[in-house]
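Scope of the values below: all heavy atoms of this structure, side chains included, with no hydrogens, waters or symmetry mates. Naming: A, B, ... by sequence-line order, numbering from 1 per chain. Bear in mind that the values here come from a model prediction, so they are computed numbers and not experimental data.
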There are 2 protein chains.
Amino acid sequence: MASDASITFEQPCPIRDVLDRIGDKWSLLVLEALEPEAKRFHILMRELGDISKQMLSRTLRKLEQDGYVHRTVFAEVPPRVEYKLTSQGRSFLEPMKSLVAWADKHHAGIVMARDRFTESAPA
Amino acid sequence: MASDASITFEQPCPIRDVLDRIGDKWSLLVLEALEPEAKRFHILMRELGDISKQMLSRTLRKLEQDGYVHRTVFAEVPPRVEYKLTSQGRSFLEPMKSLVAWADKHHAGIVMARDRFTESAPA
DNA sequence: CTGAATCCTCAAGGATACTG
DNA sequence: CAGTATCCTTGAGGATTCAG
């Protein structure tokens with residue numbers, strides 16, 4: 001069942017595979033929202049503010065699929081579902097935080113460079 | 001000329017802005033290709049293998065615009081253009097490397113989790 | 001050699017309505 | 001409450017052609 005009859009060249013570079021999935025519009029935000037504690041669906045909706053149910057659902061599923069998030073369904077009425085980081089999810093946030101810190105520090109400069117560039121080479 | 005008449009809410013989060021631009025298909029690859037040394041356009045084409053002129057051009061321009069890469073034009077015949085990392089570009093690669101290392105280490109597990117998930121919840 | 005301009009395709013993102 | 005199904009729009013990615 002391993003189904004590795006032949007090596008494919010789809011993902012020559014792990015970081016690309018990871019970034020392709022986590023580098024979308026919401027994944028990182030969701031992971032960060034879940035970092036302090038497990039949260040329910042509608043709570044995530046509220047905290048993320050401008051995300052739609054559709055996108056949150058898709059994002060959570062992808063994160064669950066790749067093993068960043070664990071989904072727990074409580075057989076209650078009304079339904080309750082909690083999402084929490086897996087150890088892999090927490091592990092991922094560590095190096096990611098360095099990057100976030102870098103972005104915080106350099107963002108102003110980037111925006112300035114961008115503006116300068118745009119001004120000297122308009123439309 | 002500052003053109004900051006009003007504060008906009010476009011980029012509430014620096015990391016999102018950075019990832020939106022660097023998290024595309026080629027930017028990171030280009031930065032890594034430029035890390036050891038400055039390189040010419042067609043050299044980058046060759047090293048990246050499956051990138052088109054179009055995309056390489058766009059990617060380089062975006063990276064130049066955001067201040068990761070410096071572009072040097074030599075007034076020669078035939079034209080020669082070299083790209084090299086700026087200090088910001090090199091600086092960026094530092095935290096990025098932690099992430100790359102993380103991806104290398106966890107990629108196999110992610111792929112496995114993904115496959116397992118797909119098998120238990122097919123089409 | 002280095003790119004810009006044009007055109008095309010496909011999938012990410014999203015609004016909305018429906019379901020268990 | 002927590003989703004899924006459907007439909008739509010936009011833009012990233014890419015092949016090709018033209019230009020300096």
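- The two atoms that bring A/Arg40 and A/Pro79 nearest to each other are NH2-O, 3.5 Å, heavy atoms only.
- Salt bridge status for A/Asp24 with A/Arg58: absent, with no side-chain N to carboxylate O gap under 4.0 Å.
- Both B/Leu56 and B/Val73 are members of a single hydrophobic cluster when ILVMFWY side chains are connected at heavy-atom separations under 4.5 Å.
- Residue order along DNA chain D, read from the 5' end via each residue's closest nucleotide, puts A/Ile43 first among A/Ile43 and B/Met55.
- Scanning both residues, B/Ala33 and B/Leu44, for their nearest heavy atoms gives CB-CD2, 3.9 Å.
- Boundaries of the chain B contact region on DNA chain C are C/dC1 to C/dT6, first to last in 5' to 3' order (nucleotide atom under 4.0 Å from a heavy atom).
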| Can B/Leu63 and B/Leu34 be said to form a side chain to side chain contact (heavy atoms under 4.5 Å, CB included), step by step? | CA-CA 12 Å; B/Leu63 292 176; B/Leu34 289 178; 5.9 Å; no

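- Under the 4.5 Å side-chain heavy-atom criterion for Ile, Leu, Val, Met, Phe, Trp and Tyr, B/Val111 and A/Val18 are members of distinct hydrophobic clusters.
- A 4.0 Å heavy-atom criterion places the boundary nucleotides of DNA chain D facing chain A at D/dC1 to D/dT6, written 5' to 3'.
- Of all heavy-atom pairs spanning B/Ser27 and B/Arg21, the tightest one is OG-O, 3.3 Å.
- Comparing the local axis fitted to the first five base pairs of the helix from C/dC1-D/dG20 to C/dG20-D/dC1 with the one fitted to its last five gives a bend of 40°, rounded to 10°.
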| request: Any chance you could lay out the side chain to side chain contact (heavy atoms under 4.5 Å, CB included) test for B/Phe117 and A/Asp66, step after step, and finish with the verdict? | output: CA-CA 8 Å; B/Phe117 196 93; A/Asp66 279 18; over 6 Å; no

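- In this structure, B/Arg46 places its CZ atom where only 12 or fewer heavy-atom neighbours from other residues, nucleotides or ligands lie under 6.0 Å away.
- Legend: salt bridge (Lys or Arg N to Asp or Glu O under 4.0 Å) pairs involving residues 84-107 of chain A, not counting sequence neighbours, sorted by first then second residue: A/Glu35-A/Lys97.
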| request: Please test B/Phe92 against A/Leu99 for side chain to side chain contact (heavy atoms under 4.5 Å, CB included), starting from the C-alpha separation and ending with a verdict. | output: CA-CA 8 Å; B/Phe92 170 78; A/Leu99 204 64; 3.9 Å; yes

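- Under the 30°/60° scheme for interplanar angles, the aromatic rings of A/Tyr83 and A/Phe41 are found to be tilted.
- Counting only distance, with no hydrogens or angles, the side chain of A/Ser57 and the backbone of A/Lys53 share no donor-acceptor pair below 3.5 Å.
- Taken residue by residue, residues 23-32 of chain B places heavy atoms nearer than 4.0 Å to DNA chain D at B/Asp24, B/Lys25, B/Trp26.
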| said: Determine whether A/Arg16 and B/Leu29 satisfy the following criterion, side chain to side chain contact (heavy atoms under 4.5 Å, CB included), listing intermediate values before the conclusion. | reply: CA-CA 9 Å; A/Arg16 280 180 83 178; B/Leu29 278 298; 3.3 Å; yes

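- DNA chain D lies under 4.0 Å from at least one heavy atom of each of the following residues of residues 75-84 of chain A: A/Pro78, A/Pro79, A/Val81, A/Tyr83.
- Contact record, B/Ser52 with B/Met45: C-SD, 3.9 Å, taken as the closest heavy-atom pair.
- Among the atoms of the strands shown, only primed sugar atoms or phosphate atoms (P, OP1, OP2) are found under 4.0 Å from some heavy atom of B/Arg71.
- Heavy atoms of A/Arg58 sit under 4.0 angstrom from at least one base atom.
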